Amino acid sequence: MRAMQLLLLLPFFLFSAFLQAATYSLPAQTSSLPGNCSYASGQISCSGNLVFRNNEVVNITQALTIVISGDLSFGNNFRVNTSGSASNLQIRISGNVNPRNGAIIRANLTVGGSFNSANNLDIRGNLTTGGNLNLGNNSVVTGNITTNSANISNNAIINGNLVATNVSLSNNSRVNGNVNATGAFNSSGTVTGYVNAPCGKNQACGGAIAGLQCDENNNVGPCTGGTTPISHYRILHNAQGYLCAASSVTIQACSTNTCSSLSTTPATLNLSTNLGTLSDSSLSFTGSTTITLKVDSISTEGQQATLSASGASPNAPVSCWSGAQASSCKIAFNTVGLTVSSVPNQIAQQGFSTAINVGLASGGTCETNLDGQNLEVALQCVNPGSCRQDMFLQGNPLSSAGSPSNYVTTTLEFNSAGQATIPAGFLRYDDAGQVRLLVRNENGESLGQSNLFVVRPAQLQLQSTLGASPVAGAPFDLTVQALGALGNATPNYQSSNAQVRLVKTNPVAGRGIQGTLTLGNQTNVTQDSGSASYQNFSTQPVFSSGQVQLNSRYSEVGNLEIAFRDADYLQSGALTSNTLALGRFRPAYFDITHNSPTLANQCSVFTYVGQPFGFATPVEITFRPLNAQGQQIQNYIDSLNRLAFPGTLQADDIVFGDLSSYPQMPDVAEGTLSQIQTEPLPIWSLQGSTVTYNKTNVVATPFDALVRLTFDDLILKDSDGVCYQTSYPGACQDFSVDMGGARMRYARAMLQDTYGPETAPLPLPMEIQYLNTGGEWVRNTDDNCTPYNATNLSLSATGSGTVTSGKPLSQNLGFMLNPTPSQGQVPVTWTVPQYLRFDWDTSNASLENPQATVSFGLYRGNDRIINWREVQ
């Protein structure tokens, strides 16, 4: 029976082995791929289809391109280059791709046909298809997608941009980027960027869209963001036209109901007339455009030409205006008109620079009797579309309720030839913008208009709110104001092409880094004076009443110069501001770090209590200057480094504190501070400091020295008052460094009583002891450092040297008392340093030098007798 079971299972095992998933390492195993593939020069070429089974794995060992002339198919859980980067693998498929569930691919894919995936696909790379894309449920593509029609299923995520003809986003699908669609866009999902699609202008595109919606640039490329929508179109025309000259017609795309500003959205519009000929009827423009209507003949005086508009894109209402009044889109043509000589660009708040000639239009049919009639004048504001300041005649404001667009009567008269001259300086306009001069006779039947010209501000004035000692990274305001010749604001001014020039003047060229100046939502980088150029604003600043205020901050310390310019105001040339010096900027505060200093043992592995000791590794503190944003400053160098280290320290400049178990505070010698580095960061080093644990009659077992050095905030401050702080703004703080590394022993020097004949040198035993951790006095066998000298004894003796293991190496190398002519007991005292003294008399009054009693002349016996004893 068991044999029968084995026979039945054998085919199953054989079949399972046959289906075992393969792993391919490329390019080495190119020939093993499930297709007809070959490798050469970094490229694997496969003719026909390439088909992988479930769970198969493809790894690459170098950057590769795989080219498949047919289809690519693979089973569930297929894996490609999972431990690599998509930039190292390019896969190009001429046919279709049909992924199954759970595939993971790290590559950039280019597919000639369609891409139809099952669920849970994970692609890390860009995907381009010539056909359609169907992305299954719960799939993720981390890269950009370019395809024909994209159908993104439920819960699928695209972490990149999507470009397609048609786009469909299902429930809970998401595009974490932008969408460009030239056809239909239908969404129940989410787009975190912009959508540029036909639905983007005047319809609801569906789903959630966090960015802009637009329908521009043939739905290729981003929504401009800076463009303004079109509220309505205005057709500006004269109420009266003349056969002698073409009648000017201006079409404006207004961004507001009052047409106070023009839209920056490109527009198209078709214009037609029932009378005469238009110079252009299919109009493509941004903001405004001007054409002419020429009527060569009329059946009756005052015959009307009616203007009609159609096909506006973007779609918006169209209205007609004559002067400042809405009109019926009709121009009444007569046979008489006025011509106006060319008017050059002018300066606001300054009399017009040249004389202007007004007269009858040429042609025999244009003669009329204007002799003695007063000339009437007005201004037509084209960009922007409304005038805000008075026009002045001979220095006097017009009595026209402040609107230059209303005709006013001048003192100038037409002569018998139908000519009138406006002298230089007679007219003055106090605002800025693109305008034209309108003229007529007092009876109103003869009208004319000048060319378009620009009235420019006289200057751009740049000012700041910086104080005397500005802080790097702290906010301040820069104001740019457009002023006329009289120094008054020109409210209609808007910059055409704003630029800024930043020059780093300190540190000098070649020193430090280029700091960044943030202006509103834009960051510009300084340049050295020899190479500084004007940098464009990515988004034009919006002026209000002739000025703009930019919230600003500068990242670095030092000085800079700033200048603002409008590179080409309404195509009339550049307007440049004054050059404004900013700074000197200083740091907001210092962050201070320290090295890992250690205390030095005076002898090998220990130091005696009461013995001065210094540093094995000196204390070094590094000043890291920061701006108000907490960013490190790089330019705190040269004259901008205002730190002045104090040199020899005063008593409280550095406070030494004891953190050990010893009950007495140490004595210190504070030493000096030296500046050992100025760049890239200032570093100070503490030199010559010593610490001494005060030795008293209270004994102590061995302990580890632990000293805290606290630098007073007053010495951690530069001449600008910049100091050590943990945050900004805040108060100046002390800075502490903890140090250990020395093992302290409470010790004493000891003499032993001795005796011997007065006729020979007598050894005087001595040793160095310390109180061990068990509270016992033991010889300090680690002491190979303590010197001794017989000159420090109170009796005549010889011997000097350094102890070995806490005592002289032998008696003869230690103290030897000189022979004496007398016998008896004599006290001897050894004068030792404070740290080797001890409370020998237990009086607790003071620490004493070690003492001993020497007995001279005692009977020493017979050298021939080894031993004797008394018997009875």
Side-chain angles (χ1 to χ4, degrees), residues 181-185 196-203 213-221 223-224 227-243 245-299 303-333 380-386 434 436 449 451-452 571:
T182 57
F185 177 86
N196 188 352
C199 67
K201 190 61 186 174
N202 297 305
Q203 302 175 25
Q213 291 179 229
C214 65
D215 178 19
E216 56 191 40
N217 305 321
N218 294 319
N219 305 115
V220 176
C223 297
T224 58
T227 62
T228 52
I230 297 177
S231 167
H232 66 285
Y233 297 94
R234 284 192 180 186
I235 300 175
L236 304 179
H237 62 86
N238 295 323
Q240 184 73 58
Y242 298 94
L243 302 186
S247 186
S248 177
V249 179
T250 297
I251 298 87
Q252 295 180 327
C254 303
S255 63
T256 63
N257 290 335
T258 61
C259 208
S260 59
S261 62
L262 299 181
S263 171
T264 53
T265 300
T268 59
L269 183 141
N270 298 322
L271 197 64
S272 61
T273 178
N274 66 331
L275 180 66
T277 304
L278 295 169
S279 61
D280 191 1
S281 59
S282 298
L283 310 178
S284 296
F285 62 98
T286 299
S288 70
T289 187
T290 298
I291 61 172
T292 59
L293 171 60
K294 183 71 171 67
V295 175
D296 294 322
S297 64
I298 53 177
S299 57
Q303 184 178 352
Q304 293 180 330
T306 302
L307 300 173
S308 301
S310 63
S313 178
N315 186 34
V318 180
S319 61
C320 290
W321 290 71
S322 179
Q325 303 297 319
S327 74
S328 60
C329 298
K330 298 180 184 297
I331 304 174
F333 276 87
Q380 179 189 14
C381 293
V382 178
N383 188 7
S386 63
Q434 187 181 46
R436 63 161 45 96
Q449 61 182 16
N451 58 293
L452 285 174
Q571 300 181 339

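Keep in mind that what you see is a predicted model, and the values were worked out from it rather than measured. Note: hydrogens, waters and symmetry copies are ignored here, and every other heavy atom, side chains too, is used. Numbers for residues simply follow the sequence, beginning at 1.
Here the closest heavy-atom approach between residue T265 and residue P314 is recorded as CG2-CG, 4.0 Å. The shortest heavy-atom contact between A305 and T273 is CB-OG1, 3.9 Å. Between P198 and G183, the shortest heavy-atom distance links the atoms CD-O, 3.1 Å.
Interatomic distance, SG of C381 versus CD of Q434, reported as 10.5 Å (0.5 Å rounding). Rounding to the nearest 0.5 angstrom, the gap separating the CD atom in Q303 from the CZ atom in F333 is 10.0 Å. Taking SG of C254 as the reference point, atom OH of Y233 lies at 10.0 Å (rounded to 0.5 Å). Rounded to the nearest 0.5 angstrom, L307 CG and L236 CG are separated by 11.0 Å. Note that CG of L271 is 5.0 Å distant from CD1 of I235, once rounded to the nearest 0.5 Å. Atoms CG and CD1, from D280 and I251 in turn, are 8.5 Å apart once rounded to the nearest 0.5 Å.
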Given the rule in the side chain to side chain contact (heavy atoms under 4.5 Å, CB included) test, do N451 and R436 qualify, once you have shown the distances and angles that lead to the verdict? CA-CA 6 Å; N451 58 293; R436 63 161 45 96; over 6 Å; no

So T268 and S284, side chain to side chain donor-acceptor pair (under 3.5 Å) or not? Walk me through it. CA-CA 4 Å; T268 59; S284 296; 5.6 Å; no

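Between L293 and T277 the shortest side-chain heavy-atom distance does not fall below 4.5 Å. Taking 4.5 Å as the limit, every side-chain heavy atom of H237 sits out of range of all side-chain heavy atoms of S247. Counting heavy atoms from C-beta outward, Q449 and N238 have side chains that approach closer than 4.5 Å. For the pair C320/R234, no side-chain contact is recorded, criterion being any heavy-atom separation below 4.5 Å from C-beta on. Counting heavy atoms from C-beta on, the side chains of V382 and Q252 come closer than 4.5 Å.
A donor-acceptor contact closer than 3.5 angstrom is absent between the side chains of S248 and T292. In the model, N219 has no side-chain atom that pairs as donor or acceptor with a side-chain atom of T182 under 3.5 Å.
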